[in-house]
Amino acid sequence: VDGIATTTLTQVFQNPGRRIAEGTWILPLPAGATADDFTMTMNGKQVRGEVLDANRARSVYEHIVRRRRDPGLLEYMGNGCLRARVFPIPARSDMKVVVRFRQVLPETAGVHHWNFPLRSAHVNGRPAKKIHLDLAIESQKAIKTVYSPTAEADVVRKGDHEAVVGFEQSGAT
């Protein structure tokens with residue numbers, strides 16, 4: 001909205017194995033972005049997380065894992081990256097992680113730029129099974145052009161001040 005982006009990212013971790021699993025999720029944030037909401041959902045139960053510095057997060061995480069509870073901790077790990085340790089991921093089950101971050105979009109000659117690094121959806125070096133992106137754009141000024149370098153993106157104009165962009169890819173690389 002008017003050059004301020006609110007991005008909500010949802011990622012689902014699947015554990016096809018027969019034992020409880022643990023995962024580490026790393027999200028590179030765009031320059032100047034700030035995370036302000038984090039939740040984990042397992043077996044229909046949503047846990048609101050906290051954002052802590054790396055040392056405090058590690059200490060709390062290790063204490064909670066010893067008790068085999070879901071920590072719901074998001075830590076800043078430097079270089080603009082966030083890390084969440086995802087535990088426990090029950091056997092033959094899923095864990096959903098949702099993080100929201102906000103940023104002032106960079107602007108060049110009146111053009112605002114929003115991007116999402118698709119490689120951040122990789123888990124253990126493997127691409128996500130499916131990526132789905134919905135982007136809503138609103139501006140008090142008339143929107144002249146909406147451009148995506150990804151040919152598969154679908155752009156729908158909703159008048160002079162709104163547009164919607166959709167993108168879906170299976171087996172992303």
Side-chain angles (χ1 to χ4, degrees), residues 1-16 21 23-42 44 46-49 51 72-86 89 93-173:
V1 175
D2 293 321
I4 308 293
T6 299
T7 302
T8 302
L9 176 65
T10 302
Q11 191 157 1
V12 178
F13 294 86
Q14 296 178 327
N15 177 6
T24 300
W25 177 67
I26 297 174
L27 173 66
L29 288 176
T34 303
D36 63 359
D37 192 29
F38 174 65
T39 60
M40 296 172 74
T41 304
M42 178 181 65
Q46 188 178 64
V47 176
R48 184 156 307 282
V51 180
L73 295 173
L74 185 66
E75 65 181 283
Y76 286 103
M77 57 180 282
N79 297 323
C81 288
L82 297 177
R83 175 172 55 191
R85 295 181 187 181
V86 183
I89 307 171
S93 191
D94 297 339
M95 170 77 78
K96 180 169 72 169
V97 176
V98 180
V99 66
R100 181 181 68 200
F101 56 91
R102 300 174 195 266
Q103 71 184 105
V104 175
L105 295 176
E107 181 181 354
T108 306
V111 177
H112 289 93
H113 305 272
W114 180 89
N115 66 53
F116 179 77
L118 292 177
R119 289 215 179 268
S120 68
H122 282 57
V123 177
N124 295 330
R126 291 176 289 186
K129 288 182 181 178
K130 184 177 183 180
I131 294 175
H132 179 88
L133 172 69
D134 289 314
L135 190 71
I137 304 167
E138 297 176 28
S139 178
Q140 290 183 19
K141 294 181 183 177
I143 299 170
K144 294 180 182 175
T145 303
V146 178
Y147 168 77
S148 171
T150 306
E152 300 87 11
D154 183 33
V155 177
V156 177
R157 300 292 301 244
K158 294 187 163 192
D160 290 340
H161 301 274
E162 292 183 54
V164 176
V165 180
F167 173 78
E168 192 166 302
Q169 185 177 31
S170 295
T173 55

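It should be emphasised that the depicted structure is a prediction, and the values quoted were computed from it without experimental measurement.
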Sorted by chain and residue number, the side-chain contact (heavy atoms from CB on, under 4.5 Å) partners of E152 (sequence neighbours excluded) come out as T150, F167
List the residues meeting side-chain contact (heavy atoms from CB on, under 4.5 Å) with K158, not counting sequence neighbours, and say none if there are none. E162, V164
For D134, side-chain hydrogen bond (donor to acceptor under 3.5 Å, both in side chains) partners two or more places apart: H132
Among residues at least two apart in sequence or on other chains, which ones pass side-chain hydrogen bond (donor to acceptor under 3.5 Å, both in side chains) with H161? none
Between atom CD of Q11 and atom CD1 of I131, what is the distance when rounded to the nearest 0.5 Å? 8.5 Å
Check P16 against Q14 and note the closest heavy-atom contact, atom names and distance. CD-O, 3.4 Å
Could I get the full list of side-chain hydrogen bond (donor to acceptor under 3.5 Å, both in side chains) partners for T7, not counting sequence neighbours? W114
Please tell me if the side chains of V97 and F38 come closer than 4.5 Å, counting only heavy atoms from C-beta onward. yes
Residue list, salt bridge (charged side-chain N to carboxylate O under 4.0 Å, His left out) with E168, at least two apart or on another chain: K130
State which residue, out of L9, T10, T41, fulfils the side-chain contact (heavy atoms from CB on, under 4.5 Å) condition with V98. T10
Note: I89 and G23 closest approach over all heavy atoms is CD1-N, 4.1 Å
Residues 136-147, side-chain donor-acceptor partners within the protein, below 3.5 Å, at least two apart:
from: S139; atom 1: OG; to: D2; atom 2: OD1; distance (Å): 3.4
from: S139; atom 1: OG; to: K141; atom 2: N; distance (Å): 3.1
from: S139; atom 1: OG; to: K141; atom 2: O; distance (Å): 2.9

Heavy-atom closest pair, residues C81 and P28: SG-CA, 3.9 Å
CE-CH2 distance between M95 and W25, expressed to the nearest 0.5 angstrom: 12.5 Å
Under the side-chain contact (heavy atoms from CB on, under 4.5 Å) rule, collect the residues that match up with A33, sequence neighbours excluded. L29, P30, F101, Q103
Under the rule for side-chain contact (heavy atoms from CB on, under 4.5 Å), what residues qualify as partners of T108, not counting sequence neighbours? H113
Who pairs with T6 by side-chain hydrogen bond (donor to acceptor under 3.5 Å, both in side chains), at least two apart in sequence or on another chain? R102
